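Take a look at the structure below.
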Amino acid sequence: KQEVTQIPAALSVPEGENLVLNCSFTDSAIYNLQWFRQDPGKGLTSLLLIQSSQREQTSGRLNASLDKSSGRSTLYIAASQPGDSATYLCAPRSNDYKLSFGAGTTVTVRA
Amino acid sequence: GAVVSQHPSWVICKSGTSVKIECRSLDFQATTMFWYRQFPKQSLMLMATSNEGSKATYEQGVEKDKFLINHASLTLSTLTVTSAHPEDSSFYICSASSGVGSNQPQHFGDGTRLSIL
């Protein structure tokens, strides 16, 4: 069974700082990995998807890296803004096409 | 594009009632839909996977007679919580994908908060 760990559990930074969110997973036989954002009481918004053959994926201020062999992914958010405050979830997709979720990192960006 | 609509967003009902939650893909055909449950401050737990036109596959520990899933078309899946009790109170979220074996991402609905009195 895939186990996903996200560190830190919570993060509070002043506006403008860069954010580094870490994700580790136990089974490296993954199909791809998605990063999601969840606002309180809401569903999930997909931020980035990295295929197992890729090392990196970028979208605007977001950059995600994947080291499949060591079971790690990192989400970088540049020049954070108060609107970036949310919980960020990492979800590797196994070869049975199911997503496994970590507990998330709750980010607070202070104005 | 890739919008998933979930309805209702919030429901409160008495113990013993059955509640139906709908999940629709608005602008794509969803071959596969997933149903998740999320407790406060915890991550999402997969309950079942449904493929259009076939029976849902339930995860270990999920009662299929309690949580009835129907995926009758390529744009609609429903989850019915039968004879709901307070312990069924939770946040239920669906997601949809355009293909089981595709490299397409899963797209999520906004969730349904279910409160059983």
Side-chain angles (χ1 to χ4, degrees), chain A residues 1-10 21 23-26 30-54 57 59 62 64 66 68 73 86-108, chain B residues 1-10 21 23-25 28 30-51 56-62 90-115:
Chain A
K1 182 189 172 192
Q2 180 76 276
E3 299 288 341
V4 182
T5 303
Q6 289 189 244
I7 294 172
L21 310 180
C23 169
S24 62
F25 46 95
T26 54
I30 63 170
Y31 194 69
N32 57 40
L33 184 144
Q34 273 183 269
W35 279 94
F36 295 91
R37 167 186 174 136
Q38 185 176 29
D39 292 293
K42 297 289 188 179
L44 278 63
T45 300
S46 180
L47 299 174
L48 290 167
L49 180 146
I50 311 179
Q51 299 299 337
S52 61
S53 58
Q54 295 178 311
Q57 190 67 256
S59 176
L62 306 179
L66 175 64
K68 182 184 164 186
S73 178
T87 296
Y88 292 83
L89 299 168
C90 159
R93 191 175 187 183
S94 303
N95 289 335
D96 62 1
Y97 310 115
K98 296 177 183 176
L99 292 179
S100 297
F101 286 87
T105 295
T106 299
V107 171
T108 303
Chain B
V3 177
V4 175
S5 173
Q6 194 171 334
H7 179 81
S9 57
W10 200 321
I21 303 169
C23 180
R24 293 180 185 273
S25 57
F28 68 101
T31 309
T32 307
M33 287 185 170
F34 303 86
W35 287 95
Y36 297 84
R37 185 172 181 176
Q38 186 178 33
F39 291 104
K41 305 289 186 184
Q42 295 187 27
S43 191
L44 279 75
M45 298 298 296
L46 179 65
M47 298 174 66
T49 304
S50 74
N51 293 301
T57 303
Y58 291 80
E59 295 299 299
Q60 194 170 15
V62 178
S90 190
F91 192 55
Y92 293 88
I93 311 177
C94 71
S95 73
S97 177
S98 59
V100 174
S102 76
N103 60 2
Q104 297 301 310
Q106 285 189 27
H107 302 283
F108 284 75
D110 273 345
T112 297
R113 184 158 304 283
L114 176 62
S115 297

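Here is the naming used below: chain letters follow the sequence lines, and residue numbers restart at 1 for every chain. Since the structure is predicted, the reported quantities are computational estimates derived from the model, not experimental observations.
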Could you measure the distance from the [atom1] atom of [X] to the [atom2] atom of [Y]? Nearest 0.5 Å is fine.
| X | Y | atom1 | atom2 | answer |
| --- | --- | --- | --- | --- |
| B:L46 | A:L99 | CG | CG | 8.5 Å |
| B:S97 | A:R93 | OG | CZ | 4.5 Å |
| A:T45 | B:H107 | OG1 | NE2 | 11.5 Å |
| A:R37 | B:F108 | CZ | CZ | 16.0 Å |
| A:F101 | B:M45 | CZ | CE | 11.0 Å |

For B:E59, which residues count as a salt bridge (charged side-chain N to carboxylate O under 4.0 Å, His left out) partner, sequence neighbours excluded?
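Result, salt bridge (charged side-chain N to carboxylate O under 4.0 Å, His left out) vs B:E59: A:K98.
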Set out, in order, the CA-CA distance, both residues' side-chain angles and the distance that settles side chain to side chain contact (heavy atoms under 4.5 Å, CB included) for B:K41 and A:T87, then state yes or no.
CA-CA 10 Å; B:K41 305 289 186 184; A:T87 296; over 6 Å; no
If you count heavy-atom pairs within less than 4.5 Å of chain A, which of B:T49, B:L44, B:I93 leads?
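Most heavy-atom pairs under 4.5 Å with chain A: B:L44.
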Need one label for A:Q6: side chain, backbone, both or neither, based on atoms under 4.5 Å from any heavy atom in chain B.
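The answer is neither part of A:Q6.
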Does any backbone or side-chain atom of A:L89 lie under 4.5 Å from a heavy atom of chain B? Answer side chain, backbone, both or neither.
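It is the side chain, since no backbone atom gets that close.
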Heavy-atom pairs under 4.5 Å with chain B are the metric here; pick the option from A:S52, A:G43, A:S46, A:A9 that has the most.
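Top option by heavy-atom pairs under 4.5 Å: A:G43.
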Provide the closest heavy-atom pair for B:F91 versus A:Q38 in the form atom of the first, atom of the second, distance.
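Residues B:F91 and A:Q38, closest heavy atoms: CE2-NE2, 4.0 Å.
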Short question: side chain of B:Q42, backbone of A:A103 - any donor-acceptor pair under 3.5 Å?
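Pair absent, no side-chain N/O of B:Q42 close to backbone of A:A103.
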